Protein chains: 2
Amino acid sequence: MNTLPLETTLTDWLNRLQESGYRSTDRCEAIARVILSSQRALDPVEIFDAARAEIPGLGLVTVYRTLQKLEELGLIQRLHQEEGCRRVLPAVKGHQHFLVCSSCGMVRYFEGDNLAPLFEEITRQTGFAIQNHWLQLFGLCPACRAASA
Amino acid sequence: MNTLPLETTLTDWLNRLQESGYRSTDRCEAIARVILSSQRALDPVEIFDAARAEIPGLGLVTVYRTLQKLEELGLIQRLHQEEGCRRVLPAVKGHQHFLVCSSCGMVRYFEGDNLAPLFEEITRQTGFAIQNHWLQLFGLCPACRAASA
DNA sequence: TTTAAAATGAAAATGATTTTCATTTTCGAG
DNA sequence: CTCGAAAATGAAAATCATTTTCATTTTAAA
């Protein structure tokens, strides 16, 4: 897999943090790198464990604090699942949504949803003025699909 | 508002519980009634407070235990929101989804989403075999829309 | 009726997250 | 560079939601 997008995004994240008055630290960078290089959504303890490979003295509290900053800046978001809503992912941009593999947990982003006609229909039916929507899809990723066949 | 659907559903819920080997108690019925008669999604403490109007000695633990049963039977589901995922609602049926008012919290169910074409497009783009989806809409209900105008 | 299984409330336990606090680190001003 | 104020850090304690334990009560079916 090409690592360029990761490097680019990591730099973007670090810039965004700095612009917002946060200071640049090894811990923050390690945590950001863990989140950005994962194919799955990770929970705070998973991030903690992965980041400690790089920063042995890291505290779990720092993970929580860094997640707060990243979430505040809209760089990450939670993945809501039946099992819980603790895992985080790089946030979707614009009209992206994500697709979660129900077998391995891998997440894939996709573009474009034209839900406008559905929303018009709903407004007609209910009188609600729709402002926002969450669409989350679960399915089998190509690898798990192949493995289960 | 017509109370017939509420009575019907309450009876359905109590039957479902009984069929599953759970016993019929005043607390369970009070909790079910609170959930079914609310226009909003409620969290365990809100349910507790409302149900204590009817059953003064009720314990919060009983609310949690009853919610587990109702969730296990698929009668309620959690409402996932930015602020948290603690509130519950009567579960949607079949292809229903719900619409949450971002001002007053009122929830309205609606039918019918034809997302099949979107899913086909996504399968083509990503190779994922889609099994399941969550669609949640946020907007202003007619009353809040009128109030804000 | 009787009785075994289920339900209950109170208190304790658990698990996740946040706060506090003393210490260390970052970074901009000089 | 070097200083110092602001921010970041880790450890321990605090908080908050939820679950478990346990002794007692209630339900429902024989």
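Note that the structure is a prediction, hence the values are computed from the model and not measured. Here is the naming used below: chain letters follow the sequence lines, and residue numbers restart at 1 for every chain.
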Given C/dT26, C/dC27, C/dA5, the nucleotide with the shortest approach to the side chain of B/R23: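 Selected nucleotide (nearest to the side chain): C/dA5.
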
Gap between atoms [atom1] and [atom2], on [X] and [N] respectively (whole Å):
| X | N | atom1 | atom2 | result |
| --- | --- | --- | --- | --- |
| A/K69 | C/dT26 | NZ | C1' | 12 Å |
| A/E72 | C/dT18 | CD | C1' | 16 Å |
| A/R87 | C/dA16 | CZ | C1' | 14 Å |
| B/R27 | C/dA6 | CZ | C1' | 14 Å |
| A/R78 | C/dA16 | CZ | C1' | 11 Å |
| A/E19 | C/dC27 | CD | C1' | 17 Å |
| B/L17 | C/dA6 | CG | P | 14 Å |
| A/Q18 | C/dC27 | CD | C1' | 9 Å |

Using a 4.0 Å heavy-atom cut-off, does A/R86 contact any base of the nucleic acid, only the sugar-phosphate backbone, or nothing at all?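 Sugar-phosphate, backbone atoms only, no base.
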
With a 6.0 Å cut-off (strictly less than), is the heavy-atom count around CD of A/E82, excluding the residue itself, greater than 12?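 No, CD of A/E82 has 12 or fewer neighbouring heavy atoms, counting only those of other groups under 6.0 Å.
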
Got a sec, which pairs hit salt bridge (Lys or Arg N to Asp or Glu O under 4.0 Å) with one end in residues 17-31 of chain B, sequence neighbours left out?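 Qualifying pairs: B/E29-B/R33.
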
Toward the 5' end of DNA chain D, by each residue's nearest nucleotide, B/L60 or B/Y22: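 Its nearest nucleotide being more 5', the pick is B/L60.
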
Where each residue is assigned the nucleotide of DNA chain D containing its nearest heavy atom, which of B/T25 and B/V61 is assigned the position nearer the 5′ end?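 Whichever sits nearer the 5' end wins; that is B/V61.
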
Angle between terminal axes - the helix from C/dT1-D/dA30 to C/dG30-D/dC1, 5 pairs each end, rounded to 10°: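 Rounded value for the end-axis angle: 30°.
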
Which atom names give the shortest non-hydrogen contact between B/P44 and B/V63, and what distance separates them?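 In terms of heavy atoms, the two residues are closest at O-CG1, 3.7 Å.
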
Nearest heavy atoms of A/H80 and B/Q81, plus distance in Å: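 Looking at all heavy atoms of both residues, the closest pair is CE1-O, 3.9 Å.
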
Spell out, as yes or no, whether a donor-acceptor pair under 3.5 Å connects the side chain of B/T123 to the backbone of B/F128.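 Between the backbone of B/F128 and the side chain of B/T123 there is a qualifying donor-acceptor contact (under 3.5 Å).
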
Under the 4.5 Å side-chain heavy-atom rule for ILVMFWY, direct or indirect, which residues accompany A/V61?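 Grouped by the 4.5 Å side-chain rule, A/V61 forms a cluster of one, so the answer is none.
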
Remaining members of hydrophobic cluster (4.5 Å side-chain criterion), B/L140: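 Besides B/L140, the hydrophobic cluster comprises nothing; the residue is isolated.
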
Can you give me the first and the last nucleotide of DNA chain D (5' to 3') that has an atom within less than 4.0 angstrom of a non-hydrogen atom in chain B?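 Using the under 4.0 Å cut-off, the span is D/dA17 to D/dA28.
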
Report yes or no: is the cationic atom of B/R108 (NZ for Lys, CZ for Arg) closer than 6.0 Å to the six-membered ring centre of B/F110, at no more than 45° off its axis?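 No - B/R108 does not lie over the ring of B/F110 by the 6.0 Å and 45° rule.
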
Can you list everything that forms a salt bridge (Lys or Arg N to Asp or Glu O under 4.0 Å) with B/R40? Sequence neighbours excluded, please.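 So B/R40 forms a salt bridge (Lys or Arg N to Asp or Glu O under 4.0 Å) with B/E46.
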
When you match A/V45 and A/R65 each to their closest nucleotide on DNA chain C, which lands nearer the 5' end?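 Per heavy-atom nearest nucleotide, the more 5' residue is A/V45.
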
